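What follows is a short report on a single structure.
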Amino acid sequence: MDNWRCECLNERIDNRPHFIVGGRQSGKTIRLIKEAGKTNGLIVCPTRNMAENVFKTACELGCRILKPITYEELFVYPNRAKKNDHYFDEYGVTLVDALRRQLKVFGRHNAKSIIIDEDSIKSLNDILDGLKVTDMDGRELKFKIEVLGRNESND
């Protein structure tokens, strides 16, 4: 993706956020806590309860971090975004929620058919391909949207 640029120099640099994928209880949040502690970063969580649990875990680990906030609080106070690096915990929860909300719109309007053109899927895959994604061991991963069960000869 060529649109990740340094704001001050307008040069192409890789300043993309790093997406880290791992299973439950694999140490993702602890890693986030340690990274935020090193940079004085702010952890952003989907819910207040999750933010409190992250802060409690940090205290148990002896890591000094800023008190985590929720995604909602970040959007209510956007000026905080410029002060610290941000570390987003459990972002998959937000993506799933956004998809569910959109699907509910179709249900409320009694949608019978929804057309998705192949170029849209290609565009989404181009975006996903540009993400910097690794597993917990640092191995590079790729996200991709696939349409399964389609026979190309049926076009």
Side-chain angles (χ1 to χ4, degrees), residues 1-109 111 114 116 120-121 123-148:
M1 257 184 173
D2 286 342
N3 60 342
W4 298 98
R5 297 184 179 272
C6 171
E7 289 181 17
C8 58
L9 300 176
N10 201 25
E11 293 178 2
R12 277 197 297 166
I13 61 168
D14 190 359
N15 62 351
R16 294 174 291 175
H18 179 193
F19 291 82
I20 302 167
V21 177
R24 292 187 56 72
Q25 301 293 312
S26 64
K28 298 180 305 293
T29 299
I30 290 172
R31 179 173 171 174
L32 211 62
I33 289 168
K34 290 178 179 178
E35 287 182 23
K38 287 179 190 171
T39 66
N40 198 35
L42 182 61
I43 296 176
V44 186
C45 302
T47 66
R48 170 62 24 220
N49 191 32
M50 290 174 87
E52 290 170 5
N53 285 336
V54 166
F55 192 70
K56 179 181 172 194
T57 300
C59 291
E60 290 169 357
L61 292 171
C63 289
R64 292 180 51 120
I65 63 169
L66 299 171
K67 191 133 178 141
I69 63 171
T70 65
Y71 299 146
E72 186 176 316
E73 290 170 311
L74 179 64
F75 299 124
V76 170
Y77 307 107
N79 290 336
R80 291 182 86 170
K82 298 186 189 300
K83 294 181 181 177
N84 302 84
D85 289 336
H86 287 73
Y87 296 87
F88 288 78
D89 194 25
E90 295 296 341
Y91 198 72
V93 170
T94 297
L95 294 175
V96 168
D97 188 49
L99 181 58
R100 283 189 177 138
R101 278 195 317 269
Q102 187 60 50
L103 291 173
K104 284 180 185 177
V105 168
F106 297 141
R108 281 195 309 266
H109 296 288
I114 301 163
I116 301 173
S120 296
I121 292 173
S123 295
L124 289 168
N125 278 330
D126 287 346
I127 292 167
L128 293 174
D129 191 46
L131 298 177
K132 185 174 16 174
V133 183
T134 66
D135 64 11
M136 287 293 291
D137 296 322
R139 292 179 294 227
E140 188 174 320
L141 302 173
K142 293 288 181 189
F143 291 138
K144 183 178 180 183
I145 297 172
E146 288 186 279
V147 179
L148 301 175

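Side chains are part of it too, since the values below use all heavy atoms of this structure and drop only hydrogens, waters and symmetry mates. Small disclaimer: the values here were computed from a predicted structure and weren't measured.
- Looking only at distances, no side-chain donor or acceptor of Glu35 sits under 3.5 Å from a matching main-chain atom of Leu32.
- Residue Glu72 qualifies as open at atom CD: its count of foreign heavy atoms under 6.0 Å is 12 or below.
- Checking side-chain atoms of Lys28 against main-chain N and O of Gly22 turns up a donor-acceptor pair under 3.5 Å.
- Separating the CG atom in Leu42 from the CG atom in Leu66 is a distance of 6.0 Å, to the nearest 0.5 Å.
- Atom CG of Asn125 and atom CZ of Phe143 lie 12.0 Å apart (nearest 0.5 Å).
- The line from CD1 of Ile145 to OG of Ser120 is 10.0 Å long, rounded to the nearest 0.5 Å.
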request  = Tell me, with the steps shown, if Glu73 and Arg48 meet salt bridge (charged side-chain N to carboxylate O under 4.0 Å, His left out).
outcome  = CA-CA 9 Å; Glu73 290 170 311; Arg48 170 62 24 220; 2.6 Å; yes
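- Neither side chain, Glu60 nor Thr57, offers a donor N or O lying under 3.5 Å from an acceptor on the other.
- Between the side chain of Asp85 and the backbone N or O of Asn40 there is no donor-acceptor pair closer than 3.5 Å.
- The main-chain N or O of Arg139 is never found under 3.5 Å from a side-chain atom of Asp137 such that the two would form a donor-acceptor pair.
- The NZ atom of Lys34 lies 6.5 Å from the CD1 atom of Ile30; values are rounded to the nearest 0.5 Å.
- Applying the salt bridge (Lys or Arg N to Asp or Glu O under 4.0 Å) rule to Lys142 yields the partners Asp129, Glu140; only residues at least two apart in sequence or on another chain are considered.
- When atom types are taken as modelled, the side chain of His86 and the backbone of Asn84 share a donor-acceptor pair closer than 3.5 angstrom.
- Lys144 is not listed as a side-chain neighbour of Leu128, based on a closest heavy-atom distance of 4.5 Å or more.
- Taking CD1 from Ile121 and OG from Ser123, the interatomic distance works out to 10.0 Å, rounded to the nearest 0.5 Å.
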request  = Start with the C-alpha distance between Ile43 and Ile33, add both sets of side-chain angles, then the distance that settles side-chain contact (heavy atoms from CB on, under 4.5 Å), and finish with yes or no.
outcome  = CA-CA 8 Å; Ile43 296 176; Ile33 289 168; 3.9 Å; yes
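- Taking every heavy atom of both residues into account, Thr70 and Pro46 meet most closely at CB-O, 4.4 Å.
- Annotation: the span from Asn53 atom CG to Cys45 atom SG amounts to 9.0 Å, rounded to 0.5 Å.
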Show me the donor-acceptor pairs within less than 3.5 Å that the side chains of residues 87-96 make with the rest of the protein, sequence neighbours left out.
unit_1	atom_1	unit_2	atom_2	d
Tyr87	OH	Thr39	OG1	2.8
Asp89	OD1	Thr29	OG1	3.0
Asp89	OD2	Thr29	OG1	3.3

